[in-house]
Amino acid sequence: MDLLHAMGPDTVVITSSDLPSRLGDQFLVSLGSQRTLHPDGSRSTQRVRMDVPKVDAVFVGTGDLFAAMLLAWTHHYPNDLKVTVPGPQGAVAAGSRGSARTAVTVLLESYDEEKDIITRKGNAKASATRRTKAWQRIADRTACEKTFSVMHHVIQRTISYAHELAGPGRRPSPPQLELRMVQSKADIEDPAIVMRATVIS
């Protein structure tokens, strides 16, 4: 990722890698990295990791959808990579909208992880720098989780519909696996968070 940063982009996302997943060989490891220039001139880099379940199907258009969602969510959360990235292969958490974590829950959980730093007293300049970086870490979680969650919802809806069309015991054809984009409009606009990114640095 650092090599890609060196070529110019401040945000780098690798949707799948050959790295072993801690959850087993049925998962892919996705990685994200975002460099941020702070008002004082200093730079920081945040890296996140997601373990994404594999899906035994081939889809056309997932790369385009992923790129569009990543662009959209990094625009909404320019300093929150963790929340921006959605997973094209599925999700670990419950997939139903009712049981999924809401955006408010995600932000509260992220705040709980950083609140000691945010509320700590001390040298004014040092405290301000620590608080800024803590809020940055909260923001970086947002874009990835939103993006991968959109992908999960679209893929799961597509697979369910394709199996329904194909019939029992039959493998869906490529036309039957066409992404259910229109039917996923609500999830694209406001996805329930069903995947969680881990900050690794």
Side-chain angles (χ1 to χ4, degrees), residues 11-17 21-24 26-34 46-114 136-162 177-200:
T11 301
V12 174
V13 176
I14 299 171
T15 57
S16 58
S17 71
S21 169
R22 58 184 174 230
L23 300 177
Q26 294 304 305
F27 289 79
L28 295 172
V29 174
S30 298
L31 301 166
S33 179
Q34 188 172 52
Q46 174 138 46
R47 293 180 174 89
V48 298
R49 167 194 177 121
M50 299 184 82
D51 293 271
V52 183
K54 296 178 182 178
V55 172
D56 184 22
V58 176
F59 303 92
V60 175
T62 52
D64 293 333
L65 177 59
F66 186 91
M69 291 296 92
L70 185 62
L71 179 62
W73 289 115
T74 52
H75 176 74
H76 279 288
Y77 301 95
N79 299 313
D80 192 351
L81 184 63
K82 184 173 183 281
V83 175
T84 303
V85 180
Q89 280 76 29
V92 179
S96 69
R97 215 172 162 76
S99 62
R101 293 155 59 238
T102 66
V104 172
T105 304
V106 171
L107 289 174
L108 288 175
E109 289 173 359
S110 298
Y111 176 78
D112 282 343
E113 294 172 10
E114 304 289 349
Q136 174 70 47
R137 285 192 293 272
I138 290 173
D140 287 344
R141 295 171 185 156
T142 306
C144 285
E145 291 181 346
K146 290 268 191 182
T147 302
F148 276 93
S149 293
V150 168
M151 297 302 297
H152 163 77
H153 295 304
V154 173
I155 293 290
Q156 293 305 314
R157 182 171 288 108
T158 300
I159 288 174
S160 296
Y161 182 70
L177 287 167
E178 183 177 334
L179 294 179
R180 306 286 288 168
M181 299 283 289
V182 174
Q183 296 79 5
S184 302
K185 180 178 181 289
D187 290 314
I188 290 170
E189 293 174 342
D190 185 22
I193 303 299
V194 294
M195 300 196 67
R196 180 130 192 207
T198 301
V199 176
I200 54 177

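Heavy-atom basis, side chains included; hydrogens, waters and symmetry copies ignored.
In this structure, Asp51 and Arg22 approach most closely via the heavy-atom pair OD2-NH2, 3.3 Å. Heavy atoms only, all atoms of each residue included: Ala192 and His153 are closest at O-NE2, 3.0 Å. Smallest separation of non-hydrogen atoms from Ser17 and Leu28: O-CD2, 4.3 Å. Nearest heavy-atom pair, Glu145 versus Met195, reported as atom, atom and distance to 0.1 Å: CG-O, 3.4 Å. In plain terms, the two heavy atoms of Val48 and Ile200 that are nearest each other are N-CG1, 4.1 Å. The minimum heavy-atom distance between Ile155 and Thr62, with the atom names listed, is CD1-CG2, 3.7 Å.
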Using the side-chain contact (heavy atoms from CB on, under 4.5 Å) rule, take Val194 and Gln156 through it: C-alpha gap first, then chi angles, then the decisive distance, then the call. CA-CA 12 Å; Val194 294; Gln156 293 305 314; over 6 Å; no
Going through the checks in order, is the side-chain contact (heavy atoms from CB on, under 4.5 Å) test met by Ile159 and Phe59? CA-CA 10 Å; Ile159 288 174; Phe59 303 92; 3.6 Å; yes
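Contact annotation: the side chain of Ser149 never approaches that of Trp73 to less than 4.5 Å [non-hydrogen atoms, C-beta and beyond]. Under the 4.5 Å side-chain criterion, counting only non-hydrogen atoms from C-beta, Ile188 is in contact with Met69. Residues Met151 and Thr15 fail the side-chain proximity criterion, which asks for heavy atoms closer than 4.5 Å. Side-chain contact between Lys146 and Thr74: absent, with no pair of heavy atoms (C-beta onward) separated by less than 4.5 Å. Residues Leu31 and Val13 have side chains not in contact (no heavy-atom distance under 4.5 Å, counting atoms from C-beta outward).
A donor-acceptor pair under 3.5 Å links the side-chain atoms of Thr158 to the main chain of Arg180, judged by distance alone.
Remark: Asp56 pairs with Arg171 by the salt bridge (Lys or Arg N to Asp or Glu O under 4.0 Å) rule, at least two apart or across chains.
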